[in-house]
Amino acid sequence: MSRILPPDVTESEFNTALDKFRAVLGAEHVLATEEELAPYRDPFPTNNDERFIPGAVVFPSTPEEIQELVRIANEYKIPLSPVSTGKNLGYGGAAPRLSGAVVVATGRRMNKIIEVNEKYAYALIEPGVTYFDLYNHIQEKGYKLWVDVPDLGWGSVVGNALDRGVGYTPYGDHIMWQTGLEVVLPDGDLLRTGMGAIEGSDTWQLFPYGFGPYPDGLFTQSNYGIVTKMGIALMPEPPGAESFLITFENEEDLKYVIDIMLPLRIGMAPLQNVPVLRNIFMDAASVSQRTEWFDGEGPMPKEAIKKMQKDLNLGYWNFYGTVYGPPPQTDMFLGMIRDAFLQVPGSRFFTTTDRPEKGDRGAHVLHDRHKINRGIPSIEERHLLEWVPNGGHICFSPVSAPDGADAMKQFTMVRDRSIEYNQDYAAQFIVGLREMHHICLFVYDTARPETRDQLLAMTEVLIDEAAAEGYGEYRTHLALMDQVAGTFNYNDGALLRFQERIKDALDPNGIIAPGKSGIWGKRLKGRGF
Ligand code: EUG
């Protein structure tokens, strides 16, 4: 296979640039053979074309080295695509949006926990620190602090926050709890945001806003720089916590569940964490394979869905959350939550003590959530991919109002399309305060390209169909970034115009991650596919 080069770069220029990268980093920290680059491709490719293929991978170890890399990249017009650990699996993994770009895998060697401050409950870390790393470090030190973890704890704390990922303790909105960035800009300048802009300040991780315009958000889901350090607030360990599961029998119960939930959540009590409402496909896929329930082609029949519910002792919808505090408070909150939701006919309420894990497959998710909701990283949810052979997934992730009718509208929209396109729709509504991330997970057999093509086609239809109703995605796969950016179209796309102007001002050569989030910059607009 011939080498994949970025636009406007000859093979000899590319090789010269790689040699200069080697001179900065050491030859062992520059990868360029097809075999070495394979792990930096999309783990679940959406196509058979040469899309999202890295041209090389580099492993810097300091901000100064990254400054050098950026200077060389500008000289040779080599795009650099930063990732931290690259575990963004349902959205493209470590792969670059533009083929030929050099992946800057900051996480490989920049994985220091620079500080964990117990008194003020924060950490200052490099991009390679995973949730497991930070959790284990805190355990070893004996600090009474929790890290908010996402569904899968193997990824980067920095990477997840920069992609505006979420977790499930009261600190679930990761970018909201971010407290200060250090960034290498596209021209090689080095920036610290917030109070970090004052030499020797001891409030960098205490007050994120600093003085003047607040730039931190510009480095999330963006291509305006390479983040080399980040502060993150940690939650002081509460005196107690208990998790609960409430099951609801029918698809249509969604409406009532959401309307009951909102007032309990928006006041931050009694629903204190980021609760989730998962459909039976999501929970069944965590503990079983599709063939156990239905061996045929086509959408799963109603009776098979009922059988999953019955055998796992779950509902069509399953609501998981956790209460925190001293036992008199958690008992009171559990009682309030129970009384409110049990108004829905047929609903049932369980705590972890009502459903011991042993011998109860249906309780597996409850116990996994009990860990995650207490800041203990887990990778149990990876078993979702075993639902079908050679499992891969694409996520469709629109944001919904926390309103029963709205949730029902989104649910029926996706359910009906997934029946039409023969896909199993594993649904998870993740409740912030005033919105829900509606995560639609489609697990498919990667060895069957026709299924994958159908799934991608369906997702494209859903993006437009949702946009027509005013819904937008909070995050998307590389293959869908241009389309999703196009749906944020107020005033003929004023937002993307603004983003492109910032791009051109900071990065006139279009060096950093061209095409990320639909932002290409002048030089490469219309040149990537
Ligand atoms: C999941 C959660 C997400 C997402 C994609 C997948 C969970 C899978 C909260 O965001 O974007 C089990």
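Start at 1 and go down the list; that is how both ligands and their atoms are numbered.
- Within the structure, ligand 1 lacks Gly90 among the residues with a heavy atom less than 4.0 angstrom away.
- The aromatic ring centres of Phe429 and His437 sit 6.0 Å or more apart.
- Checked against the 6.0 Å centroid criterion, the rings of Tyr425 and Phe281 do not qualify as a close aromatic pair.
- Summary of contacts: the protein heavy atom closest to atom 12 (C) of ligand 1 is Glu381 OE1, 3.2 Å.
- Of the protein's heavy atoms, Tyr474 OH, 2.7 Å lies nearest to atom 10 (O) of ligand 1.
- With ring centers used as reference points, Trp317 lies under 6.0 Å from Phe411.
- The main-chain N or O of Phe52 is found under 3.5 Å from a side-chain atom of Ser99 such that the two form a donor-acceptor pair.
- Asp151 OD1, 3.7 Å is the protein heavy atom nearest to atom 2 (C) of ligand 1.
- Between Tyr324 and Phe333, a ring centre-to-centre spacing not shorter than 6.0 Å is recorded.
- A side-chain donor-acceptor contact under 3.5 Å links Asn47 to the backbone of Asp49.
- Residue contacts with ligand 1, taken as heavy atom pairs separated by less than 4.0 Å, involve Ile430 solely via side-chain atoms from C-beta onward.
- For the pair Arg355 and Phe350, the distance from NZ or CZ to the six-membered ring centre is under 6.0 Å and the angle to the ring normal is within 45 degrees.
- Look at Leu384 and you'll find a heavy atom under 4.0 Å from some atom of ligand 1.
- In this structure, the protein non-hydrogen atom closest to atom 1 (C) of ligand 1 is Ile439 CG2, 3.9 Å.
- Below 4.0 Å from some heavy atom of Arg475 lie the following atoms of ligand 1, by number and element: 11 (O).
- Every atom of ligand 1 is numbered from 1 in the order shown, and the set under 4.0 Å from a heavy atom of Val166 is 9 (C).
- Remark: distances from the non-hydrogen atoms of His437 to ligand 1 are all 4.0 Å or more.
- Nearest protein neighbour of atom 5 (C) of ligand 1, counting heavy atoms only, is Tyr91 OH, 3.4 Å.
- Salt-bridge annotation for Glu251 and Arg415: present, with a side-chain N of the basic residue lying under 4.0 Å from a carboxylate O of the acidic one.
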